[in-house]
Amino acid sequence: MTDLSPPPLRNDCFALPAGVNWTPVDEALALLRDRLTPVTAAEDVAIGDALGRVLARDVVALRSNPPQANSAVDGYGFSGAVPEGAHVLPLMQGRAAAGVPYAGAVPAGTALRVLTGAALPKGVDTVILEEDVNANDGQIAFRGPLKQGANARKAGEDVVAGDVALTAGRVLTPADLALLSATGVARVHVRKPLRVAVISTGDELVDPGQPAGEGQIFDANRPMLLSMVRRFGAETIDMGRVADDRAALRAALDSAAAQADVILTSGGASAGDEDHVSAVLTEAGAMQEWRIAVKPGRPLALGMWQGRPVFGLPGNPVAAMVCTLVFARPAMALLAGAGWNEPQGFLLPAAFEKRKKPGRREYLRGRIRDGKVEAFKSEGSGRISGLSWAEGLIEIEDGARQIQPGDPVRFIPFTSYGL
Ligand code: AMP
Ligand code: MG
């Protein structure tokens, strides 16, 4: 099989419709969903290496599960339903056990010892639990009624050979690996992991562990973004920090584009003097400033650099994280071939009060305690401790809201985002 790569994305894939000013979150997401397509090639891997990988095509069950009718319990097998009342059946010599079938047939009106998982021999379709039986060498005695097929599993009752067991785009879970194994599939055609380069920008940044002078701060975004991307199942390429210098930034983007499918930058994404990410993407002619009606989040700079999509995230760690979860994560899932997926949220009573004006969607840092959603005490987008305190985001719809304690609010756990 040839390793076919999908066609590259179009340079105008991030273009906004003319006349748009502040784009509502749902419209921004719909645009990403419409415009982006998978960019990863496919390969064959053994299922032992397939956890978290994205299926490149549907997988058909090679074998039924169960492959043959078998016993669900330890007991005695015979044919047919048994009416109410006491019954005595002659017991055949021998037994059927898992992996050790009974070679002969069981004549009508006789019983055979069967163990859990044993293929049902010819003549057996019903099993009685051993706890419900008195047995000696030659006979068993028990009470009915018992339905035909009791305590037995039918061939293919779970999956039939030839059925589609899992569909393309599925991100393989531990349970999926069990299903694939059970249906005889040892290797799968999966997409190569998306390769994501992460760059921090800003003259003020130093790495943790380095001496930090006055006016300098530690780079908090890069460790956060790299680890988020890893949790999303992608491969990361740590491009380090770049100063607020256009030549250095162009060089970093060149290097990132040569190694990665997608580039995430943080900082310098607005339209200010020192906002060099948006400036160099504009020079490249494929930059779009997405002014999304969302809080937190300054403009997102979306562009293409040498055919690679670039997500220019805000520098504020809180905004960088929220924008990554809300916009970059689903976009990267699409690029990785996993299709579009929405994070699962839960309506729960608020433990806080908040008044919100219409016009922007808001994400607060939240967590659940005693069945209620608590919000972090401050909405300041530089408050990294709040990200760490939180266990998810509270999503407050675009319109006006006056939230009182006890009112339902939508809580989206970080785990729903794959973190
Ligand atoms: P910018 O988007 O570059 O204007 O940055 C907005 C704010 O985020 C500024 O206060 C920056 O110092 C801060 N910031 C930018 N990048 C990072 C980073 N990697 N880690 C922590 N804070 C950052
Ligand atoms: Mg900056």
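This is a predicted model, so every value here is computed, not measured.
Side-chain contact between Ile217 and Leu205 is present, with at least one heavy-atom pair separated by less than 4.5 Å. Contact annotation: the side chain of Leu55 never approaches that of Thr167 to less than 4.5 Å [non-hydrogen atoms, C-beta and beyond]. Residues Leu313 and Leu225 form a side-chain contact, since some pair of their non-hydrogen atoms from C-beta on lies under 4.5 Å apart. The shortest distance between side-chain heavy atoms of Leu393 and Phe411 does not fall below 4.5 Å. Using a 4.5 Å heavy-atom threshold, the side chains of Pro296 and Glu362 count as separate. Using a 4.5 Å heavy-atom cutoff, the side chains of Val188 and Asp44 are not in contact. Contact check for Ser71 versus Leu120: side-chain heavy atoms found under the 4.5 Å cut-off. For the pair Leu179 and Val185, the minimum side-chain heavy-atom distance is 4.5 Å or more.
Using a 30° and 60° split on the angle between ring planes, Phe311 and Phe14 fall in the perpendicular class, above 60°.
Formation of a donor-acceptor pair under 3.5 Å by the Asn136 side chain with backbone atoms of Gly138 is found in this model. Side chain of Asn134 to backbone of Ala141: no donor-acceptor contact under 3.5 angstrom is found. Ser378 places a side-chain N or O within donor-acceptor distance of the main-chain N or O of Gly380, the cut-off being under 3.5 Å. Formation of a donor-acceptor pair under 3.5 Å by the Asn65 side chain with backbone atoms of Arg63 is not found in this model. For Ser64 (side chain) and Pro66 (main-chain N/O), no donor-acceptor pair under 3.5 Å exists by modelled atom type. Formation of a donor-acceptor pair under 3.5 Å by the Thr415 side chain with backbone atoms of Gly418 is not found in this model. Using modelled atom types, one side-chain atom of Lys356 and one backbone atom of Arg360 make a donor-acceptor pair closer than 3.5 Å. The backbone N or O of Val127 sits less than 3.5 Å from a side-chain atom of Asn151, completing a donor-acceptor pair. When atom types are taken as modelled, the side chain of Thr201 and the backbone of Gly267 share a donor-acceptor pair closer than 3.5 angstrom. Under a 3.5 Å cut-off, the side chain of Arg308 and the backbone N or O of Ala260 do form a donor-acceptor pair.
A salt bridge does not link Asp370 to Lys372: none of the charged nitrogens lies less than 4.0 Å from a carboxylate oxygen. Salt-bridge annotation for Arg53 and Glu43: present, with a side-chain N of the basic residue lying under 4.0 Å from a carboxylate O of the acidic one. With respect to the salt-bridge test (charged N to carboxylate O, under 4.0 angstrom), the residues Glu130 and Arg113 qualify. Ion pair Asp207/Arg222 flagged as a salt bridge, since at least one NZ, NE, NH1 or NH2 atom sits closer than 4.0 Å to an Asp/Glu carboxylate oxygen. Using a 4.0 Å cut-off between a side-chain N of Lys or Arg and a carboxylate O of Asp or Glu, Lys354 and Glu379 qualify as a salt bridge. Salt-bridge check for Arg361 with Asp26: passed, with a basic side-chain N closer than 4.0 Å to an acidic carboxylate O. A salt bridge links Arg369 with Glu391; the closest basic N to acidic carboxylate O contact falls under 4.0 Å.
Here CZ of Arg383 is found 12.5 Å from CH2 of Trp389. Values are rounded to the nearest 0.5 Å. One distance of note links CD1 of Ile199 with CG of Leu253; it measures 4.5 Å at 0.5 Å rounding. Here the straight-line distance linking atom OH of Tyr76 with atom OG1 of Thr110 works out to 13.5 Å at 0.5 Å rounding. Atom CE of Met224 and atom CE of Met228 lie 6.0 Å apart (nearest 0.5 Å). In this structure, CG on Leu348 lies 13.0 Å from CG on Asp407, to the nearest 0.5 angstrom. With rounding to the nearest 0.5 angstrom, the CG atom of Asp275 is 4.5 Å from the OG atom of Ser270.
Screening residues 249-263 for side chain to side chain donor-acceptor pair (under 3.5 Å), with sequence neighbours left out, gives Arg195-Asp261, Arg250-Glu283, Asp254-Trp305, Asp254-Gln306, Ser255-Gln259.
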What verdict does the side chain to side chain contact (heavy atoms under 4.5 Å, CB included) test give for Leu387 and Phe376, after you've listed the backbone C-alpha separation in whole Å, the side-chain angles of each residue and the deciding distance to 0.1 Å? CA-CA 9 Å; Leu387 287 177; Phe376 188 58; over 6 Å; no
Assess the residue pair Thr37 and Leu9 against the criterion (side chain to side chain contact (heavy atoms under 4.5 Å, CB included)); give the C-alpha distance rounded to whole Å, side-chain angles, the decisive distance to 0.1 Å, and a yes or no. CA-CA 7 Å; Thr37 51; Leu9 295 174; 3.4 Å; yes
Please report the C-alpha distance between Asp132 and Arg143 in whole Å, then the side-chain angles of each, then the deciding distance to 0.1 Å, and finally whether the salt bridge (charged side-chain N to carboxylate O under 4.0 Å, His left out) criterion is met. CA-CA 8 Å; Asp132 295 337; Arg143 287 198 166 274; over 6 Å; no
Would Thr126 and Val124 satisfy side chain to side chain contact (heavy atoms under 4.5 Å, CB included), going step by step from the backbone distance to the final call? CA-CA 6 Å; Thr126 305; Val124 171; over 6 Å; no
Phe78 and Leu146: side chain to side chain contact (heavy atoms under 4.5 Å, CB included), yes or no, with the steps? CA-CA 11 Å; Phe78 41 80; Leu146 204 64; 3.7 Å; yes
For Asp219 and Ser200, what are the C-alpha separation, side-chain angles and deciding distance, and is it a side-chain hydrogen bond (donor to acceptor under 3.5 Å, both in side chains)? CA-CA 7 Å; Asp219 178 359; Ser200 286; 2.8 Å; yes
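Here the shortest heavy-atom pairing between Val171 and Ala338 reads CG2-CB, 3.8 Å. Taking all atoms of both residues into account, the shortest heavy-atom contact from Tyr102 to Ala96 is CB-CB, 3.9 Å. Contact record, Trp340 with Leu29: CH2-O, 3.5 Å, taken as the closest heavy-atom pair. Of all heavy-atom pairs spanning Thr40 and Ala336, the tightest one is OG1-O, 3.4 Å. Listed here is the closest heavy atom pair of Leu335 and Pro309: CD1-CG, 4.1 Å. Arg365 and Ala390 get closest at one heavy-atom pair: CB-CB, 3.7 Å.
No more than 12 heavy atoms of other residues, nucleotides or ligands shown are found within 6.0 angstrom of CD on Gln93. When the shell of 6.0 Å around CD of Gln402 is examined, it contains more than 12 heavy atoms from other residues, nucleotides or ligands. Other residues, nucleotides and ligands place more than 12 heavy atoms under 6.0 Å from the CZ atom of Arg410.
For the 3.5 Å distance criterion, the side chains of Arg329 and Asn341 qualify, holding a donor opposite an acceptor. Looking only at atom types and distance, the side chain of Asp74 has a donor-acceptor partner in the side chain of Thr116 under 3.5 Å away.
Of the residues Val59, Val45, Val190, Leu51, the one that meets the side chain to side chain contact (heavy atoms under 4.5 Å, CB included) test with Leu172 is Val190.
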